[in-house]
Novice: 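One structure, as structure tokens, below. Some questions next.
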There are 2 protein chains.
Amino acid sequence: MSDRNRTKPISMDAMLFLTDDQLLQGIELMYFAYKGFTSDPDRILQNYTYGRAHHRAIHFINRHKGLKVNDLLDILGITKQSLNRVLRQLVDDDLVDSRIGTKDKRERNLFLTDKGIALERELSDAQRKRMRAAYRAAGPEAVQGFRLVLEKIMDGETRQRLQRITDT
Amino acid sequence: MSDRNRTKPISMDAMLFLTDDQLLQGIELMYFAYKGFTSDPDRILQNYTYGRAHHRAIHFINRHKGLKVNDLLDILGITKQSLNRVLRQLVDDDLVDSRIGTKDKRERNLFLTDKGIALERELSDAQRKRMRAAYRAAGPEAVQGFRLVLEKIMDGETRQRLQRITDT
DNA sequence: GTATTAAGTCAGCATTATTGACTTTATAAG
DNA sequence: CTTATAAAGTCAATAATGCTGACTTAATAC
């Protein structure tokens with residue numbers, strides 16, 4: 001019998017349920033949970049002419065009121081051309097207000113209008129309700145763990161980008 | 001002062017960090033984590049002619065070897081016509097083997113070929129690596145919580161569907 | 001023998017993303 | 001002051017993934 005076999009009776013991997021199958025289960029869980037997570041807004045958005053892209057724009061404009069177009073592009077990780085169509089619709093439909101920057105007039109600061117705030121409410125209420133129910137059912141400790149793992153799954157790049165925006 | 005105010009000094013919501021802002025943070029976390037979660041496979045798939053839809057098909061055919069086309073449609077929650085394009089490509093490219101059912105000859109049982117198994121490996125290795133790192137960094141208790149909350153976020157319908165397939 | 005089921009197909013359309021090539025306006029650098 | 005850079009916006013073409021509707025083929029069920 002080798003040294004290796006004698007000195008590693010309980011591996012770190014075993015403690016963490018890190019068998020390939022357990023990891024695959026986690027991966028699936030992530031997929032299905034995300035599907036549930038987006039299902040409420042998706043259903044609501046069907047009543048409008050909007051899709052997920054609009055939802056995301058509305059969400060982040062609400063979270064970071066007055067953010068610049070470039071910041072939004074940075075957060076979403078999409079191209080200017082991709083956002084353009086969506087943002088133009090939202091501005092045309094009077095959900096988003098695009099104000100010329102006070103310091104630098106090239107910049108546009110984005111805000112939700114009252115109409116935009118109303119839609120944001122409708123969307124996030126549904127999503128919050130689901131999260132609240134899940135949190136309740138799972139309990140406070142589970143929520144702590146949930147958040148911790150999600151943070152670690154995120155790209156480091158994304159984490160930094162978020163930090164940058166939040167600091168501003 | 002009303003009874004209600006006196007008897008509820010610390011609410012269940014407060015214990016669970018259920019303020020609207022905390023919930024919104026959880027929602028964002030979910031969005032960004034999912035983005036990170038899919039980034040590795042997405043990068044790999046760019047080297048092929050495939051996308052996320054192909055990945056999902058490959059994943060579930062691997063997880064439930066020999067599953068029927070209808071089962072796969074059920075799991076993915078998409079239409080037959082949507083899957084068709086993807087599945088045909090995978091069969092044409094010799095990644096998936098579609099065998100006529102032994103009991104009911106109308107049915108097709110789906111399997112990965114050696115080539116399909118190789119791609120599945122490449123994709124899931126990357127994803128597992130990320131999950132393993134996140135699990136390690138967060139610790140066993142956090143992982144427990146993570147899984148518990150994700151289960152609760154899922155649609156009840158989805159949970160039942162999964163159960164149905166797993167039992168088979 | 002007819003109805004139903006499983007699978008597969010074709011056509012057309014919508015959403016969301018991409019790249020490339022520009023324009024306009026405003027600020028920064030020389 | 002002129003030129004370079006930067007922020008925003010636009011047009012066109014393309015791709016991936018989903019949808020609905022309308023079918024066909026083959027096999028099983030009644």
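Heavy atoms only: backbone and side chains are in, while hydrogens, waters and symmetry mates are out. Order of the sequence lines sets the chain letters (A, B, ...), proteins ahead of strands, with each chain counted from 1.
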Novice: Rounded to the Å, how far apart are A/Glu107 CD and D/dA6 C1'?
Specialist: 10 Å
Novice: If the cut-off is 4.0 Å, is B/Thr49 near the phosphate of D/dA15, judged by side-chain N/O to OP1 or OP2?
Specialist: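 Result: no.
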Novice: Under 6.0 Å from the six-membered ring centre of B/Phe111 and within 45° of its axis: does the NZ or CZ of B/Arg99 meet both?
Specialist: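 Yes.
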Novice: Between B/Ile75, B/Leu76, B/Asp74, which is the residue that forms a side-chain contact (heavy atoms from CB on, under 4.5 Å) with B/Ile78?
Specialist: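 One option only clears the test, and that one is B/Leu76.
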Novice: Could you tell me the separation between the OH atom of A/Tyr48 and the P atom of C/dT15, rounded to a whole number of Å?
Specialist: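 Computing the A/Tyr48:OH to C/dT15:P distance gives 16 Å.
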Novice: Can you check whether B/His54 has a side-chain N or O nearer than 4.0 Å to OP1 or OP2 of D/dA16?
Specialist: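 B/His54 to D/dA16 OP1/OP2: no side-chain N or O under 4.0 Å.
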Novice: Counting only side-chain nitrogens and oxygens, does B/Asn70 get under 4.0 Å of the OP1 or OP2 atom of C/dT5?
Specialist: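 B/Asn70 to C/dT5 OP1/OP2: no side-chain N or O under 4.0 Å.
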Novice: Enumerate the protein-to-nucleotides 26-30 of chain D contacts in which both atoms are nitrogen or oxygen and the separation is below 3.5 Å.
Specialist:
{"from": "D/dT28", "atom 1": "OP1", "to": "B/Lys105", "atom 2": "N", "distance (Å)": "3.2"}

Novice: Answer yes or no: is there a donor N or O on one side and an acceptor on the other, between the side chain of B/Asp104 and the main chain of B/Arg106, under 3.5 Å?
Specialist: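 Looks like yes, one N/O pair under 3.5 Å.
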Novice: Heavy-atom count check: over 12 atoms from other residues, nucleotides or ligands less than 6.0 Å from A/Gln81 CD?
Specialist: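 Yes - once you tally the heavy atoms of other residues, nucleotides and ligands closer than 6.0 Å, there are more than 12.
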Novice: C/dA26 P sits how many Å from A/Ile100 CD1, rounded?
Specialist: 7 Å
Novice: May I ask you to test the A/Phe146-A/Glu141 pair for a side-chain heavy-atom distance under 4.5 Å?
Specialist: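 A/Phe146 vs A/Glu141: side chains apart.
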Novice: Identify, between A/Gly77 and B/Leu73, the residue whose nearest nucleotide on DNA chain C lies closer to the 5' end.
Specialist: B/Leu73
Novice: Check the distance between D/dT10's C1' and A/Asp92's CG and give it to me in whole angstrom.
Specialist: 13 Å
Novice: How long is the line joining CD of A/Gln46 and P of D/dT20, in whole Å?
Specialist: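 Spelled out: CD on A/Gln46 to P on D/dT20 is 9 Å.
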Novice: Produce the list of close N/O pairs, under 3.5 Å, pairing protein atoms with atoms of nucleotides 11-13 of chain D; give distances to one decimal.
Specialist:
{"from": "D/dC11", "atom 1": "OP2", "to": "A/Arg88", "atom 2": "NH1", "distance (Å)": "3.4"}

Novice: Could you check how far NZ of B/Lys80 sits from P of C/dC10, rounded to whole Å?
Specialist: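 Whole-Å distance recorded here is 13 Å.
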Novice: Give a yes or no answer on whether the side chain of A/Thr113 reaches the backbone of A/Asp97 with a donor-acceptor pair at less than 3.5 Å.
Specialist: no
Novice: Are any of B/Thr79's side-chain N or O atoms less than 4.0 Å away from OP1 or OP2 of D/dG21?
Specialist: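 Checking B/Thr79 against D/dG21: no side-chain N or O falls below 4.0 Å of OP1 or OP2.
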Novice: State whether the side chain of B/Lys152 and the backbone N or O of B/Val149 hold a donor-acceptor pair below 3.5 Å, judged by distance alone.
Specialist: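 Flag not set: sc B/Lys152 to bb B/Val149 has no pair under 3.5 Å.
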Novice: Strictly by modelled atom types, are B/Glu28 and A/His59 linked by a side-chain donor-acceptor pair under 3.5 Å?
Specialist: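 Yes.
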Novice: Mind calculating the distance between CG (A/Asn109) and C1' (D/dA7) to the nearest angstrom?
Specialist: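 Interatomic distance, CG of A/Asn109 to C1' of D/dA7: 12 Å.
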Novice: With distance as the sole test, does B/Lys115 use its side chain to make a donor-acceptor pair with the main-chain N or O of B/Asp93 at under 3.5 Å?
Specialist: yes
Novice: How many whole angstroms separate atom CG of B/Leu76 from atom P of D/dG18?
Specialist: 8 Å
Novice: Salt bridge check, A/Asp20 against B/Arg132: does any charged N sit closer than 4.0 Å to a carboxylate O?
Specialist: yes
Novice: At 4.0 Å (heavy atoms only), tell me whether B/Lys68 reaches a base, stays on the sugar-phosphate, or touches nothing.
Specialist: sugar-phosphate
Novice: Are A/Ser82 and C/dT16 close enough that a side-chain N or O sits under 4.0 Å from OP1 or OP2?
Specialist: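 Negative; the distance criterion is not met.
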